[in-house]
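Report on one structure; see the data block that follows.
Side chains are part of it too, since the values below use all heavy atoms of this structure and drop only hydrogens, waters and symmetry mates.
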Amino acid sequence: MRLRELKRKLYIIARDRLDEADLEVRLMVSLATGIDALGQLTEPDREISESESAEAERLLRLRLEGVPEAYLAGHKEFFGLDFMVTEDVLIPQPDTEILVESAIEATRRFDRPRVLDICTGSGCIGTSIAFNVPSAEVFMSDISKKAASVAKRNFETIVGRKAEVRVGDLFEPWSGMMFDVIASNPPYLTAAWYEETGIEVKHEPRLALLDSAADGLGIIERLVQEAMFHLAANGTLLIESDYRQTDAVRAIMQEHGLSCIETIKDLSGKQRCTRGFLF
């Protein structure tokens, strides 16, 4: 089969079921054959093997089922770095980059900052901080053993040194340890908000998305409370949440003794990252 024929076949399958069907077809063909967009344009008569054709169709049908492209590709760009992703971790999103930027700014107050990325998932937060702040000692943890494995691999591949990644619930793995910066993108969706999400989000791990409390703040409340036993003097706590929760997150931080609390907007202009300082 020629490349043009394969793309036509896939387009017929996708045209009434996917937005931007042309783009989706190009992406699936690229994943299956290794032929990039330019190659697809300049070599329309290139011969495609049966196995490549079958793989392209398999990938497209997974897309039709709502499987995110990042899971099919096995990686996603975040903060200018390329992260491996599996269905065991959330796909890194641009909105979380403001959390990383704020954490990096917070590390500048210390010569050798100790940073904890809790609920790390893919490790995109802690790894991005470590890559951009070589002097930082970065620690990461997640309640999911599989997620911790992905985080460890990403850190060691991107940063180029051994990762300190532990498995456990919130601060359970870090008994007696203190940190200058603690950053987290914890589960915070309510059951109602989760039901409102699109089909692609529902392919991501529920454990990393859903909070059991009616307001979605159960884990965040625990996180702030426990952080006070692990945050060093002059330290910073940064938490991502939904914009509908940020007022409550600021109140929780104030209740537990943090100061100079503020919420920072993400790229779309929504309140996203709340930070507080321990003086």
Side-chain angles (χ1 to χ4, degrees), residues 90 93 95-107 109 113-121 124-126 129 139-144 166 168-194 196-197 205-279:
L90 294 182
Q93 297 297 327
D95 289 343
T96 301
E97 293 189 357
I98 189 62
L99 180 67
V100 175
E101 291 177 3
S102 299
I104 290 173
E105 179 183 351
T107 65
R109 301 166 60 232
R114 291 167 62 86
V115 180
L116 174 61
D117 171 12
I118 202 162
C119 305
T120 190
C124 64
I125 294 171
I129 296 169
F139 305 82
M140 303 185 293
S141 63
D142 200 282
I143 196 170
S144 164
R166 300 182 185 180
D169 184 23
L170 296 184
F171 290 91
E172 180 183 55
W174 308 108
S175 176
M177 295 186 66
M178 305 296 286
F179 304 93
D180 301 305
V181 178
I182 299 173
S184 182
N185 178 16
Y188 54 74
L189 291 185
T190 68
W193 295 346
Y194 179 77
E196 294 170 359
T197 63
R206 290 170 59 95
L207 181 66
L209 290 167
L210 273 166
D211 182 89
S212 60
D215 58 5
L217 293 168
I219 292 174
I220 288 177
E221 287 195 59
R222 286 180 51 214
L223 178 61
V224 176
Q225 181 179 10
E226 294 178 23
M228 302 310 294
F229 297 96
H230 296 273
L231 195 60
N234 299 314
T236 306
L237 175 64
L238 305 106
I239 298 176
E240 177 173 331
S241 70
D242 187 272
Y243 69 94
R244 291 165 286 191
Q245 297 167 316
T246 52
D247 288 346
V249 175
R250 287 195 298 273
I252 292 168
M253 286 190 174
Q254 184 175 21
E255 178 186 348
H256 286 88
L258 294 172
S259 305
C260 301
I261 302 162
E262 64 176 324
T263 301
I264 306 163
K265 293 181 179 180
D266 61 24
L267 295 174
S268 64
K270 291 183 177 179
Q271 293 189 333
R272 179 68 57 184
C273 168
T274 304
R275 69 180 176 189
F277 299 86
L278 182 63
F279 294 123

Could you check whether any side-chain N or O of [X] sits under 3.5 Å from a backbone N or O of [Y], counting only pairs where one atom can act as donor and the other as acceptor?
| X | Y | value |
| --- | --- | --- |
| His230 | Trp174 | yes |
| Gln245 | Tyr188 | yes |
| Arg272 | Leu99 | no |
| Asp95 | Asp266 | no |
| Asp142 | Gly121 | yes |

Atom pair [atom1] ([X]) and [atom2] ([Y]), whose distance is rounded to the nearest 0.5 Å:
| X | Y | atom1 | atom2 | value |
| --- | --- | --- | --- | --- |
| Cys124 | Glu97 | SG | CD | 9.0 Å |
| Ser241 | Ile219 | OG | CD1 | 13.0 Å |
| His256 | Leu237 | NE2 | CG | 11.0 Å |
| Phe277 | Leu258 | CZ | CG | 10.0 Å |
| Ser102 | Glu240 | OG | CD | 10.5 Å |
| Ile118 | Asp169 | CD1 | CG | 8.5 Å |

Side-chain contact, heavy-atom cut-off 4.5 Å: [X] with [Y]?
| X | Y | result |
| --- | --- | --- |
| Leu90 | Pro205 | yes |
| Val181 | Leu238 | yes |
| Met228 | Leu278 | yes |
| Met177 | Leu116 | no |

Kindly indicate, with the supporting measurements, whether the criterion side chain to side chain contact (heavy atoms under 4.5 Å, CB included) is fulfilled by Leu217 and Val249. CA-CA 8 Å; Leu217 293 168; Val249 175; 4.0 Å; yes

Heavy atoms only: give me the nearest [X]-[Y] pair and the separation to one decimal.
| X | Y | result |
| --- | --- | --- |
| Asp117 | Gly126 | OD2-N, 2.9 Å |
| Met178 | Arg114 | O-NE, 3.1 Å |
| Asp211 | Pro187 | CB-O, 3.9 Å |

Atom CD of Gln254 with >12 non-hydrogen neighbours under 6.0 angstrom: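 Check fails, neighbour count at 12 or below.
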
Mind checking whether Phe229 and Phe171 have ring centres under 6.0 Å apart?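 Distance test on ring centres: not under 6.0 Å, no.
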
Only one of Thr246, Asp247, Thr274 passes side-chain hydrogen bond (donor to acceptor under 3.5 Å, both in side chains) with Thr263; say which it is.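 With Thr263 as partner, Thr246, Asp247, Thr274 yield a single side-chain hydrogen bond (donor to acceptor under 3.5 Å, both in side chains), made by Thr274.
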
Quick one: do Arg109 and Thr236 satisfy side chain to side chain contact (heavy atoms under 4.5 Å, CB included)? Show the steps, please. CA-CA 10 Å; Arg109 301 166 60 232; Thr236 306; 3.5 Å; yes

Would Thr107 and Asp180 count as a side chain to side chain contact (heavy atoms under 4.5 Å, CB included) here? Give the steps. CA-CA 8 Å; Thr107 65; Asp180 301 305; over 6 Å; no

Among all residues two or more places apart in sequence or in another chain, which pass the salt bridge (Lys or Arg N to Asp or Glu O under 4.0 Å) test with Arg166?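 Here the qualifying residues are Glu164.
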
Applying side chain to side chain contact (heavy atoms under 4.5 Å, CB included), run through Leu209 and Thr197 and close with a yes or a no. CA-CA 11 Å; Leu209 290 167; Thr197 63; over 6 Å; no

